> 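Below are the structure tokens for one structure; questions will follow.
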Amino acid sequence: MAGRQRQKRRADIELNKDYLSSLPSEIIEDILVKLPIKEAVRTSVLSSKWKSSWASMPNLVFAEKCLPESELIESVDKVLRVHQGPVLKFELDSDQLANRKAINRWLLVLSKNGLKDLRLMFYIYNGCTVPSSLFSCHELQHLEISGCTINGPRCFQGLKLLRKLTLRACYLVRITIEKFVSGCPFLESLTLIGVNKYDSLIIRSPNLKQLILVERFSDLLLETPNLTSATIFGYGLLPHGFKDFSPANDGCKSNILRAIGALSSIEELDIDSEFCEYLGSGPIPEKLPETFHHLKKISIRIDGRSKVVDTALCILRNVPNLKTLRLMLPCQNIWEEQRIATFSFLEQLEVVEILDFKDVGSLLAFAKFILGTAPKLEKLIIYGEDLYELEYGVGFQMKLASLPRLSSKAVILFGEVADIEFPSAFSYLWNI
């Protein structure tokens, strides 16, 4: 009898144990990091150990898009007031916030707490301003801001440790993009979408490896010798268009040389027709001084404009080791023998993807050209809407299948447009 009572008491003790409090601190921290800050704060009712754990979380994420401004400010103020230890990441996503004083207050606190990752997303039409105290966060390695005005300091000393910078729909005051980027000597990744307010866009960054540029400009200069991946889209030309080429303005360099002629390390390149038109607005050389020996993948959107076509052909003449080619085809046939006799991109080509073609005739002409001249081709993939409709019919499929092929490995495949990611300038702007 006594033995049974002892067992019962032991069982009761086990049931009353605080299992949540007995969890190792590293597991508690791992759970809290995955929760929105609002939910993490609520865990303080579980036990004193959980309360002390959330108050020392290194990552603070306020993803409260629709929370009224006053409630959001009160919530952030409360968390920062009781927080202990470093704040390595701070993320704020709000459609309501426009209080500059509150943002300034938070940035000053964060700048003293070892902040490395800062993300501020605002609703573009709220007129929100990020004050110059942003630049007092000297330990930043990752900075992402969208939908606001950014006030630069009167004396910009740079963000010396920054490695990744993303700006969307931002207006810069007292600081240019050129100065901002140049002040970040270790920058490796740069995304600029709807930021440039100047005629000329100059990017000098010796360590930059990845660039996404969706901007309005009349002139572009890239001095990024270690760039390996670039997406460059133009949109909504400035009222006076592109800057006219002249040796006096451009140092005897055409637009194609100024913008991409020195990208000797580039491995992936994605450009649209607007950017191609800019590149073709000056003289287009037959041969570029720096051949793109490392370029393995290129995506080009070609429309019917002659400058766009000439630019695309110029680039393709200078990519001897290309593996993957993605094209949006124009309606006309641009693959006449005399224009492609010096192409080098065919030798190593393995995959060709055709997207958003407008004309069956131009598609067949291009397919004939590629299948008949690429010795290592493995796949020709055609993406389109309703490829099996009567508009194309069995005859279209049979014509493709009967085309001669230089490569014994070459196969023709079909896919729906929805199956492939092929972004445009509009898709980048739409996501702001």
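This structure is a prediction, so every number in the text was calculated from the model and none was measured.
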> Measuring only between side-chain heavy atoms, which start at C-beta, is Leu222 closer than 4.5 Å to Leu211?
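A side-chain contact under 4.5 Å exists here.
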
> Between the main-chain N or O of Leu161 and the side-chain N or O of Glu139, is there a donor-acceptor pair closer than 3.5 Å?
no

> Measure across Ile175 and Gly152 and return the closest heavy-atom pair with its distance rounded to 0.1 Å.
CG2-CA, 4.0 Å

> Quick check against the 3.5 Å criterion: does Arg163 have a side-chain atom that pairs as donor or acceptor with the backbone of Gln141?
no

> Would you mind reporting whether Thr176 and Phe156 have side-chain heavy atoms less than 4.5 Å apart?
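They are not in contact (no side-chain heavy atoms under 4.5 Å apart), so the answer is no.
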
> Taking NZ in Lys209 as the centre, count heavy atoms belonging to other residues, nucleotides or ligands within less than 6.0 Å. Is the count above 12?
no

> Please check: side-chain N/O of Tyr278 versus main-chain N/O of Leu220, any donor-acceptor pairing under 3.5 Å?
yes

> Ignoring hydrogens and geometry, is there a side-chain-to-backbone donor-acceptor pair from Asn321 to His293 under 3.5 Å?
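Yes.
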
> So which heavy atom on Gln210 is nearest to which on Ser189, and how close?
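Distance-wise, the nearest heavy atoms are OE1-OG, 3.2 Å.
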
> Check whether Thr224 reaches the backbone of Ser205 with its side chain - one donor and one acceptor, N or O, closer than 3.5 Å.
no

> If you take all heavy atoms of Leu403 and Arg405, which pair is closest and at what distance?
O-CG, 3.4 Å

> Decide yes or no for Arg204 and Glu178: does some side-chain heavy atom of the first lie under 4.5 Å from some side-chain heavy atom of the second?
yes

> Is the shortest heavy-atom distance from the side chain of His138 to the side chain of Ser111 under 4.5 Å?
no

> With sequence neighbours left out, write down each residue that passes side chain to side chain donor-acceptor pair (under 3.5 Å) with Asn104, or none if nothing qualifies.
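Result, side chain to side chain donor-acceptor pair (under 3.5 Å) vs Asn104: Ser133.
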
> Counting N and O atoms only, with roles assigned by atom type, does the side chain of Thr129 sit under 3.5 Å from a partner on the main chain of Pro131, one being a donor and the other an acceptor?
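No; judged by distance alone, with no hydrogens or angles, the pair does not exist.
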
> Do the side chains of Arg105 and Asp77 get nearer than 4.5 Å, heavy atoms only?
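Contact flag for Asp77/Arg105 side chains = yes.
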
> Can a salt bridge be assigned to the pair Lys296 and Glu267 using a cut-off of 4.0 Å between side-chain N and carboxylate O?
no

> Once rounded to the nearest 0.5 Å, what's the spacing between atom CG of Leu327 and atom CG of Leu316?
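Answer rounded to 0.5 Å: 7.0 Å.
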
> Give a yes or no answer on whether the side chain of Ser146 reaches the backbone of Arg168 with a donor-acceptor pair at less than 3.5 Å.
no

> Which heavy atom in Leu159 sits nearest to a heavy atom in Cys137, and how many Å separate them?
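The answer is CD2-O, 3.7 Å.
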
> With a 4.0 Å cut-off, would you call Lys164 and Glu144 a salt bridge?
no

> Is the side chain of Ser75 donor-acceptor paired with the backbone N or O of Glu71 at a distance under 3.5 Å, no angle test?
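No, because the side chain of Ser75 does not come within donor-acceptor range (under 3.5 Å) of the backbone of Glu71.
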
> Would you confirm whether Glu378, through its side chain, and Ala410, through its main-chain N or O, come within 3.5 Å as a donor-acceptor pair?
no

> Is any side-chain heavy atom of Val308 closer than 4.5 Å to a side-chain heavy atom of Ile300?
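The answer is no, as the side chains (C-beta and beyond) never meet within the 4.5 Å cut-off.
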
> In the structure I gave you, are the side-chain heavy atoms of Leu364 and Leu400 within less than 4.5 Å of one another anywhere?
yes

> Closest heavy-atom contact between Cys276 and Thr311?
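For Cys276 and Thr311, the tightest heavy-atom pair comes out as O-OG1, 3.1 Å.
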
> Using the test salt bridge (Lys or Arg N to Asp or Glu O under 4.0 Å), find all partners of Glu268 that sit at least two apart in sequence or belong to another chain.
none

> Identify, with sequence neighbours excluded, every residue that meets salt bridge (Lys or Arg N to Asp or Glu O under 4.0 Å) alongside Lys65.
Asp93, Asp95

> Pick from Asp117, Val61, Leu60: which one makes a side-chain contact (heavy atoms from CB on, under 4.5 Å) with Glu91?
Val61

> Compare every heavy atom of Arg258 with every heavy atom of Asp219, then report the nearest pair and how far apart it is.
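Heavy atoms of Asp219 and Arg258 come nearest at OD2-NH2, 2.7 Å.
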
> As an exercise, state the distance from OG of Ser264 to CG of Asn226, rounded to the nearest 0.5 Å.
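Ser264 atom OG to Asn226 atom CG measures 7.5 Å (nearest 0.5 Å).
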
> Under a 4.0 Å N-O cut-off, is there an ion pair linking Asp270 with Arg326?
no

> Examine distances only and state if a side-chain atom of Asn99 and a backbone atom of Lys101 form a donor-acceptor pair shorter than 3.5 Å.
yes

> Over 60° means perpendicular and under 30° means parallel, so classify the ring planes of Trp106 and Phe90, tilted if in between.
tilted

